[in-house]
Amino acid sequence: MSGKFGKGCHLHLIDGSAFIFRAYHALPPLTRKSDGLPIGAVAGFCNMLQRYVEGNAGGDVTHVAVIFDKGSHTFRNDMYDQYKANRDAMPEDLRPQIPLTRTATQAFNIACKEKEGFEADDIIATLAVQARAAGGRCTIISSDKDLMQLVGDGVEMLDAMKNKSIDRDGVFEKFGVFPDRVVDVQALAGDSVDNVPGAPGIGIKTAALLINEFGDLDALLARADEIKQPKRRQTLIDHADQIRLSRDLVRLDENTPLDFTLDDLEVREPDPDRLLEFLAEMEFRTLSKRIAEALHVEAPVIEDKAPAPADMPEIESVPFNADAYEHVRDAAGLQVWIDRIRERGYVAVDTETTGLDEMTAELVGISLCIEAGQACYIPLIHKDSGTDDLFGSDALAEGQMPLEQCLQMLTPVLEDPSVLKIGQNMKYDAKIFAQLGITVAPIDDTMLLSYAMHAGLHNHGMDALSERYLGHTPIPIKPLLGTGKSAITFDRVPLDKAVPYAAEDADITLRLWQTLKPQLHRVGVTKVYETLERPLVPVLAAMERSGIKVDRDTLSRMSNAFAQKMAGLEDEIYELAGRKFNVGSPAQVGEVLFEDMGLEGSKKGTNGKYSTGADILEDLATLHDFPRRILDWRQLSKLKSTYTDALQDHINPETGRVHTCYSIAGASTGRLASTDPNLQNIPIRSEEGRRIREAFVAEQGKTLVALDYSQIELRILAHIADIPELKQAFADGIDIHALTASEMFNVSLNDMTPEIRRQAKAINFGVIYGISGFGLARNLRIPRAEAQGFIDRYFERFPGIRTYMDDTKAFAKEHGFVQTLFGRKIHTPEIASKGPRAGFAARAAINAPIQGTAADVIRRAMIRMPAAIADIPATMLLQVHDELLFEVEAGSEDALIDAARDVMENAADPVVKLDVKLTVDAGKGANWAEAH
DNA sequence: GAGTTCACG
DNA sequence: GACGTACGTGAACTCA
């Protein structure tokens with residue numbers, strides 16, 4: 001059969017996207033063995049194509065094509081920006097498989113068609129209409145109801161899964177009208193999946209009823225006042241425009257401009273070599289065999305390629321070339337990049353700013369990269385460096401587009417749910433964009449990919465990752481900015497220097513993503529990355545931007561009081577020492593103590609200095625007044641310098657609030673770390689220190705609410721080590737330290753003394769840290785043998801703890817990592833070393849699953865929190881490892897406590913079923929001291 | 001920049 | 001038998 005498409009021809013049009021999604025959801029998440037590339041949807045897609053080919057062998061099909069969607073932005077989005085806005089983002093492991101389904105179609109030698117700006121449905125409509133006009137037949141292989149408007153006059157649909165064909169009567173069954181009125185019914189009924197509004201309260205049944213009564217939609221809308229039901233009548237009158245818009249949205253474009261004709265779609269025999277080569281590349285053994293048989297050729301041997309070692313990724317072969325980066329200077333130049341980004345569906349993004357504090361830093365320029373080596377920098381507010389003006393000119397440099405124009409063009413891409421934005425530490429860039437009202441989503445973050453896979457092995461900064469995984473040293477920033485007082489901000493870097501530096505960052509980020517992302521599955525931390533790391537980025541960005549109000553006057557008053565007390569103490573100290581010296585110098589304190597006064601103290605190894613730490617001074621305090629005074633002075637000095645003084649410098653002048661920065665990938669265990677300033681170590685243990693929390697206040701008319709997990713690490717220990725007595729105690733709400741003491745020392749709970757309880761508490765904590773006799777002895781200030789006796793008794797009483805410790809150490813030795821209950825991996829490379837390092841590593845390995853699981857739990861709570869409190873006028877401000885601090889409008893405190901507590905207590909569900917329930921304590925007040 | 005000390009969980 | 005010794009952080013300070 002060949003020649004022009006016409007009478008007697010039969011065209012099959014396969015809805016490619018429908019095939020892909022069916023394949024994706026029908027199969028488990030298979031991955032290619034050699035490199036972990038997700039491949040399940042491709043496998044299912046190929047299976048469905050093969051079944052299709054087999055099913056039509058000897059049939060009357062003369063022409064065939066698989067039609068795909070391309071990009072997500074279509075003419076319908078221009079008509080209605082909410083079109084398909086409710087769609088979930090494409091699953092992470094599906095995205096890389098999309099291009100492979102095109103390759104697969106071509107490997108089957110089937111025509112493969114798509115068109116930018118149009119949906120597959122429009123192409124199908126156009127081709128079906130063309131086939132009909134030429135006097136041929138057309139079968140659309142899909143069950144998508146949006147295609148039903150095309151049925152009739154030689155066009156029919158076939159649901160390949162159910163092998164059921166749908167004709168005019170079938171459409172009537174579904175819509176209550178024949179195909180020519182389907183659009184009218186859909187326009188009225190709307191579609192929640194595609195977010196087509198329709199007429200509120202009217203479904204398919206009612207819509208069909210109305211259309212059948214009035215003939216068509218135009219007649220119905222024209223004569224809406226004749227509708228008998230008053231509510232329905234009003235709805236149609238009120239929403240007439242919306243209904244017409246809906247009709248335009250659901251009506252398929254039968255005139256899609258196409259660069260091919262029906263004749264190009266003629267059925268072709270598959271080329272066995274090409275097809276089998278593709279299948280071998282995908283490592284589909286069973287399917288290869290089956291297809292080889294069907295084609296009567298020999299199946300290729302597919303080698304069982306061993307996965308490459310995880311720490312030896314392939315180094316990107318495109319060399320780095322800083323001269324090749326593009327300087328985007330105007331809208332035309334940027335548009336080229338935007339088009340390419342939309343075509344790809346992903347882009348690496350990096351921002352250059354005037355500083356490191358995202359609250360005050362200004363956007364200076366944006367770099368983009370879509371392929372290794374292909375990157376650009378869009379400078380926006382670089383200052384002209386041409387003049388000799390010593391103070392720098394404020395005139396803008398040549399070759400820049402207006403910031404507003406750039407953002408206007410780029411924002412739709414940054415916010416487009418179908419374009420993945422890749423960054424290194426995206427929280428930073430997201431905050432910069434958030435300042436400008438832009439919400440960047442969806443995202444991937446190479447720093448977090450690295451963290452999820454390699455926590456404990458190395459840090460996750462871009463320079464380190466580039467060296468390690470790309471074998472490339474990034475252009476250093478120092479020579480560009482200078483150091484010290486003469487340092488300049490990035491907007492003063494000349495463009496010829498700024499372009500290579502900035503663009504390279506995006507290039508590196510993209511290459512890291514290409515290197516690291518496929519390994520995620522292989523390392524087995526996809527869930528960790530997708531549920532514990534990446535979703536935290538917008539949550540933390542919002543918390544950091546919120547900040548917490550800090551009252552400068554309170555801090556200032558405290559500073560003065562501390563200064564006075566310190567001065568008094570200094571006089572006493574000089575008196576006791578008999579001379580003046582620098583109280584802040586540990587070395588000089590050591591000299592006074594151990595040389596002038598001749599007290600007993602140990603020299604410290606490396607530099608021969610005396611150690612004057614708090615516990616040594618504490619011991620000496622019984623012998624002399626001097627150490628006590630030093631301790632008191634140090635406490636005040638600490639409080640003043642680190643808190644009451646430094647904290648004031650962190651109050652943002654715009655917001656009057658302190659905005660900390662959380663590192664997501666700082667702590668190896670999964671904990672967050674807080675910096676600039678650290679708000680996770682605000683004093684509480686001493687009464688004087690605790691008062692600093694009075695400076696952390698709620699805004700007028702609001703309240704601070706603190707919720708903290710009670711004994712979360714011990715509860716997790718009880719679960720992981722499976723200790724029945726501890727689990728029972730938590731279930732009964734018994735004081736856990738008292739219970740431990742009672743079990744160990746055979747004292748009934750009623751006869752418990754604070755001293756015994758204190759010792760048990762120390763042991764409980766010691767266990768979490770990987771207890772040793774020496775450590776416990778020092779902590780409790782008891783002889784080492786006695787401490788060891790306690791530990792022995794503890795293990796005897798709770799043998800599960802010792803088993804847990806031994807098993808965890810053995811696991812770490814064997815695998816080089818340990819895991820939390822949620823699958824987070826913490827690497828412990830030093831466990832293999834000899835000497836004391838191995839001891840450190842072993843204790844860290846024991847602690848990591850406990851501390852890490854607790855960290856996972858609160859991360860999960862934080863990720864769920866925004867949605868859970870959406871209806872409450874409250875904001876999540878701070879996280880302190882097992883505590884969340886909120887600011888809430890007065891009157892809504894209890895609603896917030898109920899909602900937040902619910903999220904926190906059930907945060908492990910449904911992934912982990914803890915044997916021990918998690919309990920959350922709550923407090924509220926005008927300041928943080930009261931709330932705690 | 002290393003080392004010490006101390007604030008928190 | 002000796003090694004060293006409780007887990008995880010960040011910041012300020014001194015001193016070379």
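Worth knowing before you read on, the calculation uses all heavy atoms, side chains too, and leaves out hydrogens, waters and symmetry mates. All of these numbers come straight from a predicted model, not from anything done at the bench. Reminder, nothing fancy here: chain letters follow the sequence lines and each chain counts from 1.
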Say we look at B/dG3 and C/dG4: how far apart would their P atoms be, to the nearest angstrom? 16 Å

Can you tell me the distance, in whole Å, between the OH atom of A/Y610 and the C1' atom of B/dG3? 18 Å

Tell me whether the centres of the aromatic rings in A/F790 and A/Y794 are closer together than 6.0 Å. no

With sequence neighbours left out, what residues match A/E786 under salt bridge (charged side-chain N to carboxylate O under 4.0 Å, His left out)? none

Side chains of A/S546 and A/T875: any donor to acceptor distance under 3.5 Å? no

Anything under 30° is parallel, anything over 60° is perpendicular, the rest tilted; go ahead and classify A/H737 against A/F765. tilted

Are A/D735 and A/R757 close enough for a salt bridge, meaning some N to O gap below 4.0 Å? yes

Secondary-structure string, 5' to 3', Watson-Crick or G-U under 3.5 Å, | for another-strand partners, for DNA chain C: ......|||||||||.

Rounded to whole angstrom units, what separation is found between the CD atom of A/Q879 and the C1' atom of C/dG8? 13 Å

Ion pair present between A/R628 and A/E618, side-chain N to carboxylate O less than 4.0 angstrom? yes

Distance in angstrom units between A/D615 CG and C/dA6 C1', rounded: 12 Å

Tell me the side-chain hydrogen bond (donor to acceptor under 3.5 Å, both in side chains) pairs involving residues 833-847 of chain A, sequence neighbours left out? A/E830-A/R837, A/N847-A/Q851

From the list B/dC8, C/dG8, B/dC6, which nucleotide is the closest neighbour of the side chain of A/I684? B/dC8

Quick one: what's the B/S/- string for nucleotides 10-16 of chain C, heavy-atom cutoff under 4.0 Å, read 5' to 3'? BBSSSS-

At under 4.0 Å between heavy atoms, what does A/Q635 touch on the DNA or RNA strands: base, sugar-phosphate, or nothing? sugar-phosphate

Using atom CG of A/L884 as one end and atom P of B/dG9 as the other, report the distance to the nearest whole Å. 14 Å

For A/I771, report the nucleic acid contact type (base, sugar-phosphate, nothing); a contact means any heavy atom under 4.0 Å. base

To the nearest Å, how far apart are A/I850 CD1 and C/dC7 C1'? 9 Å

Strictly below 4.0 Å, heavy-atom distances to any atom of DNA chain C: list the hits from residues 778-797 of chain A, or just say none. A/R778, A/N779, A/R784

Decide yes or no on side chain to side chain contact (heavy atoms under 4.5 Å, CB included) for A/K924 and A/L704, but give the supporting numbers first. CA-CA 6 Å; A/K924 56 184 173 183; A/L704 292 182; over 6 Å; no

Could you state the CD-C1' distance from A/E883 to C/dG8, rounded to the nearest angstrom? 17 Å

Is it true that atom CZ of A/R691 has more than 12 heavy atoms of other residues, nucleotides or ligands lying nearer than 6.0 Å? no

Roughly how many Å apart are C/dT5 and B/dA7, using the C1' atom of each and rounding to a whole number? 22 Å

Any base atoms under 4.0 Å from A/L672, or only sugar-phosphate, or nothing? Heavy atoms, all strands. nothing

Base, sugar-phosphate, or nothing for A/R685, non-hydrogen atoms under 4.0 angstrom? base

Salt bridge (charged side-chain N to carboxylate O under 4.0 Å, His left out) against A/D856, all qualifying residues, sequence neighbours excluded: A/R824

Any residue of residues 808-845 of chain A with a heavy atom less than 4.0 Å from an atom of DNA chain C: A/F840, A/R843, A/A844

Check: residues 641-650 of chain A side-chain donor-acceptor pairs under 3.5 Å, at least two apart:
unit_1, atom_1, unit_2, atom_2, d
A/S641, OG, A/S637, O, 3.0
A/T642, OG1, A/K638, O, 3.3
A/Y643, OH, A/N681, O, 2.5
A/Y643, OH, A/N681, OD1, 3.4
A/Y643, OH, A/N681, ND2, 3.3
A/T644, OG1, A/S559, OG, 2.8
A/T644, OG1, A/K640, O, 3.2
A/D645, OD1, A/S559, OG, 2.5
A/D645, OD2, A/K640, NZ, 2.8
A/Q648, NE2, A/T644, O, 2.8

What's A/L639 touching, base or sugar-phosphate or nothing? Going by heavy atoms closer than 4.0 Å. nothing

By salt bridge (charged side-chain N to carboxylate O under 4.0 Å, His left out) - contacts of A/K761 (at least two apart): none

Taking the P atom of each, how far is C/dA6 from B/dT5, in whole Å? 14 Å

With sequence neighbours excluded, tell me which residues meet ring-ring contact (aromatic ring centres under 6.0 Å, His included) with A/F840. none

Rounded to whole angstrom units, what separation is found between the CH2 atom of A/W633 and the P atom of B/dT5? 13 Å

Just the rounded figure in Å: distance from C1' of B/dG9 to CG of A/L878. 14 Å

May I ask you to verify if any side-chain N or O of A/R671 is less than 4.0 angstrom from the OP1 or OP2 atom of C/dG8? no

Taking salt bridge (charged side-chain N to carboxylate O under 4.0 Å, His left out) as the test, write out the residues that go with A/R671, two or more places apart. A/E713

In a table with atom names and distances, give each donor-acceptor pair under 3.5 Å that connects a side chain of residues 805-812 of chain A to protein atoms at least two apart or in another chain.
unit_1, atom_1, unit_2, atom_2, d
A/T808, OG1, A/Y804, O, 2.6

